[in-house]
Amino acid sequence: MHRNTSPVNMLDKAVSILDVYRPDGGSFRLTELAARAGLPKTTAFRLIGDLVRLGLLERDGERYRLGGTLFELGSLVPRRHDLRESALPFLQDLFESTRQTVHFGIRDDRDVVYLERIHGHDAVPLPSRIGGRLPLTCTAIGKALLAFSGPELADAILAGPLPRLTAYSIADPLRLRTALEQTQVSGLAYEEQEAALGISCIAAPVFAGAGEPVAALSVAVPREHFRPAHLAPAVRTAALGLSRTLRQG
């Protein structure tokens, strides 16, 4: 039987190996990569060798992790790079005014992808990381993005099972819809221990013009120190200032 070994077919297989690292990265043995990518071990071995040679993967003993070349390329994606560069001054000001962890993210399908995270030396552990992704419905940034996206997206998400990261993640569609409607009215989204226990967040959407938001920013605070009334003005100011800059750009 003739085997399809065209460049496109091999590229698909190489990408299937890289996809194994979604959403949390990590490191894997060759056999794990082959099994998770659904590839024969010999094929995976050959492709992994090529990916290491190209810097897309790195070998650490018997395990493989994502290579620095991917980070370098990812940081050059025009939309994300430009957004992050424009946002940094506002994110830094927000951090200085709150001294709490600041996030900046965009929507990719049903997830938040984090473009920036600023925190101090005593930052609490969080599941977010630059380049990482979390479900829209479990984060304040995600709710801010979802609330102002087209109703078709919210309807589709609410029609299916809602992902849960903690016992506090909203699993009831009616409760989530109410939260999104409140965000549309106030311009602020909230998260109470839905992505990480002991952490609360407040977020606001960022717009570059009419239509859907291009990003959102948030402040994450230990639950016992969460004072929405004190944080809301700083979050709103940062989001409005960045939106104004993007509209003028």
For residues 185-208, which residue pairs pass the side chain to side chain donor-acceptor pair (under 3.5 Å) check, not counting sequence neighbours?
Lys143-Glu194, Glu192-Ser200
Hey, quick one: are [X] and [Y] part of the same hydrophobic cluster, counting side-chain heavy atoms closer than 4.5 Å, chains of contacts allowed?
X: Val113; Y: Leu136; result: no
X: Val214; Y: Leu242; result: yes
X: Leu18; Y: Ile48; result: yes
X: Leu134; Y: Leu162; result: yes
X: Val206; Y: Val235; result: yes

Which pairs pass ring-ring contact (aromatic ring centres under 6.0 Å, His included) with one or both residues in residues 209-247, sequence neighbours excluded?
none
Using a 4.5 Å cut-off on heavy atoms from C-beta on, say whether the side chain of [Y] contacts that of [X].
X: Gln182; Y: Thr178; value: yes
X: Ile130; Y: Tyr114; value: no
X: Leu197; Y: Tyr168; value: yes
X: Leu126; Y: Ile199; value: yes
X: Arg133; Y: Val112; value: no
X: Leu57; Y: Tyr21; value: yes

Backbone N or O of [Y] within a donor-acceptor pair of the [X] side chain at under 3.5 Å?
X: Gln184; Y: Ala147; answer: yes
X: Arg53; Y: Gly55; answer: no
X: Ser16; Y: Lys13; answer: yes
X: Ser243; Y: Phe207; answer: yes

Could you state the interatomic distance from OG (Ser218) to CZ (Arg117), rounded to the nearest 0.5 Å?
10.5 Å
From CD1 (Ile170) to CZ (Arg177), nearest 0.5 Å:
13.0 Å
Could you walk me through whether His103 and Leu217 pass the side-chain contact (heavy atoms from CB on, under 4.5 Å) check?
CA-CA 5 Å; His103 290 112; Leu217 51 80; over 6 Å; no
How about CZ on Arg164, more than 12 heavy atoms from neighbouring residues, nucleotides or ligands closer than 6.0 Å, or not?
yes
So with a 6.0 Å cut-off around CZ of Arg99, is the heavy-atom count from everything else above 12?
yes
Just to verify, which of Arg65, Glu32, Arg63, Glu62 counts as forming a side chain to side chain donor-acceptor pair (under 3.5 Å) with Ser27?
Arg63
